[in-house]
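Okay, so here's the structure we're looking at.
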Protein chains: 2
Amino acid sequence: MPVQARSAATVQAIFEATIQVLLRDGSDRLTTTRVAERAGVSVGTLYQYYPNRQALLFAVLEDHLGKVATAVEDACLRARGRTVAEMMREVAEAFVDAKMARPDISTALYRIAADVGGPALVRRMGERSRKALEAMLRTAPDAPACQDRFAIDTLFAAMAGATRSVLESGGSPAMIRKLRSHLVLLCQSYAAALNRSV
Amino acid sequence: MPVQARSAATVQAIFEATIQVLLRDGSDRLTTTRVAERAGVSVGTLYQYYPNRQALLFAVLEDHLGKVATAVEDACLRARGRTVAEMMREVAEAFVDAKMARPDISTALYRIAADVGGPALVRRMGERSRKALEAMLRTAPDAPACQDRFAIDTLFAAMAGATRSVLESGGSPAMIRKLRSHLVLLCQSYAAALNRSV
DNA sequence: ACCTGAACACCGTTCAAGT
DNA sequence: ACCTGAACACCGTTCAAGT
């Protein structure tokens, strides 16, 4: 949408104002007027670039999920050729670390992720991660040839659920450390069990 | 709050109207006026029993989570004295079945569960389940004496996350069957790994 | 090409008045 | 003791008018 440099700056300002208002006031009290005010533009301008309030929030969610997916993809590239257990450690730790890079944003976004369209966004990012995992697993010396798409999706959703639970109950550094090691164990034992049952 | 029989009926009517409007229009378009209309009372009456819109939705969420927690508690009682693997199967299947008893309600409630106060409600119900699981595990012939609270919470959140993912991507009967068996495997392998690492 | 802000429709919540 | 519904404040969204 941005045709001139001025409008690109405006879009950026609105995006950042959205994050700030989201963290300061929460998603309930995030009004389009407040975001516009914070961004230093009028409401009308906001609606020129984002069709509605939801689009504003989705932009932030998409950005965040994209970062997590990228972190997982990077981990999958790093771990190529290693054993399945080592791969699982790399991926689980990368996932937790990406989520915990900005715990405040992660937590705030759980509200938005449930909105209409949110689940689709989550699924799209899950697919990116799944593909990266599948490609990585094909390079493992100790993995079976056929990988189950559903199993990988389940593993991912399970990690996401456990991470969410920790974030929503405060997410102290001690809990986060525990989560990291528990998710590694969870992924490793599940992957091993799947391998045995094939 | 209900002092006379009339008001008890009113509260019930409002509660059921909330579910109906939630399923018909979605949580976004659920307005207090619409719920009151559907319940056959005026808005003012609604506010006499539920202090605000959120309280309305929380009542439905609390009811649903309560049913799931009860299903898990029942499963934990049934499986006492059996092996850890059998316990995990019983609990995982009970959890999935309880969530899938009313997939429409389960799915609709994900929106509400993220609202302020929702996470606390989820945690409270999680605690009920965890306590039931701890009590059950103490009767297992092949479980270690010390159980990790965090591990059980993690297992629960993982199951919830995976179940949510399936529900939000449609939740076909085939997927649900797959989820059931995968969650059993996930719980069993994680529990076994924990036992080994103690 | 981009921005402004008054105006409109709608929703959550209240409260004076009823039975 | 319980119910009604008009009234108020506030928010999302639009659009005629500006630069």
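Every chain is numbered from 1, with letters handed out A, B, ... down the list of sequences.
- When the side-chain hydrogen bond (donor to acceptor under 3.5 Å, both in side chains) test is applied to A:Thr83, the partners found at least two apart in sequence or on another chain are A:Glu86.
- For DNA chain D, no neighbouring residue in residues 110-117 of chain B is found when judged by any heavy atom under 4.0 Å.
- Applying the side-chain hydrogen bond (donor to acceptor under 3.5 Å, both in side chains) test to A:Ser106 and every residue at least two apart in sequence or in another chain returns A:His64.
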Nucleotide-level pairing of DNA chain D, given in dot-bracket where Watson-Crick and G-U pairs need both distances under 3.5 Å and | marks other strands
||.|||||...|||||.||

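- Taking the side-chain contact (heavy atoms from CB on, under 4.5 Å) definition, one finds that B:Thr31 meets it with B:Thr33, B:Arg34, sequence neighbours left out.
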Which pairs of donor and acceptor atoms, one on a side chain in residues 150-162 of chain B, lie under 3.5 Å apart (sequence neighbours left out)?
unit_1   : atom_1 : unit_2   : atom_2 : d
B:Thr154 : OG1    : B:Phe150 : O      : 2.8

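- Between B:Ser42 and D:dG5, a side-chain N or O to OP1/OP2 separation shorter than 4.0 Å is absent.
- Rounded to whole angstrom, the span from the CG atom of A:Leu46 across to the P atom of C:dC2 amounts to 15 Å.
- Checked against side-chain contact (heavy atoms from CB on, under 4.5 Å), A:Ser181 has no partners two or more places apart in sequence or in another chain.
- Applying the side-chain hydrogen bond (donor to acceptor under 3.5 Å, both in side chains) test to B:Glu93 and every residue at least two apart in sequence or in another chain returns B:Arg89, B:Arg180.
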So if I define the base as every atom that isn't primed, P, OP1 or OP2, how would nucleotides 12-19 of chain C read as a B/S/- string at a heavy-atom cutoff under 4.0 Å?
SBBB----

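- Among the nucleotides C:dC3, D:dT4, D:dC2, the one closest to any side-chain atom of B:Gln48 is D:dC2.
- We find that OH of A:Tyr50 is positioned 20 Å from C1' of D:dC11, with the value rounded to whole Å.
- Between the CG atom in B:Leu56 and the OH atom in B:Tyr47 there is a gap of 8.5 Å [rounded to 0.5 Å].
- Looking at residues two or more places apart in sequence or on another chain, you find no side-chain hydrogen bond (donor to acceptor under 3.5 Å, both in side chains) involving A:Glu62.
- Identified under the side-chain hydrogen bond (donor to acceptor under 3.5 Å, both in side chains) test for residues 67-80 of chain B, with sequence neighbours left out: B:Asp63-B:Lys67, B:Thr70-B:Arg128, B:Glu73-B:Arg128, B:Arg78-B:Glu90.
- Sorted by first and then second residue, the pairs that involve residues 106-122 of chain A and meet salt bridge (charged side-chain N to carboxylate O under 4.0 Å, His left out), not counting sequence neighbours, are A:Asp28-A:Arg111, A:Arg111-B:Asp115, A:Asp115-B:Arg111.
- Comment: A:Arg138 does not engage A:Glu134 in a salt bridge, judged by the lack of any side-chain N to carboxylate O separation of less than 4.0 angstrom.
- Residue B:Ser7 has no polar side-chain atom (N or O) positioned under 4.0 Å from OP1 or OP2 of D:dA1.
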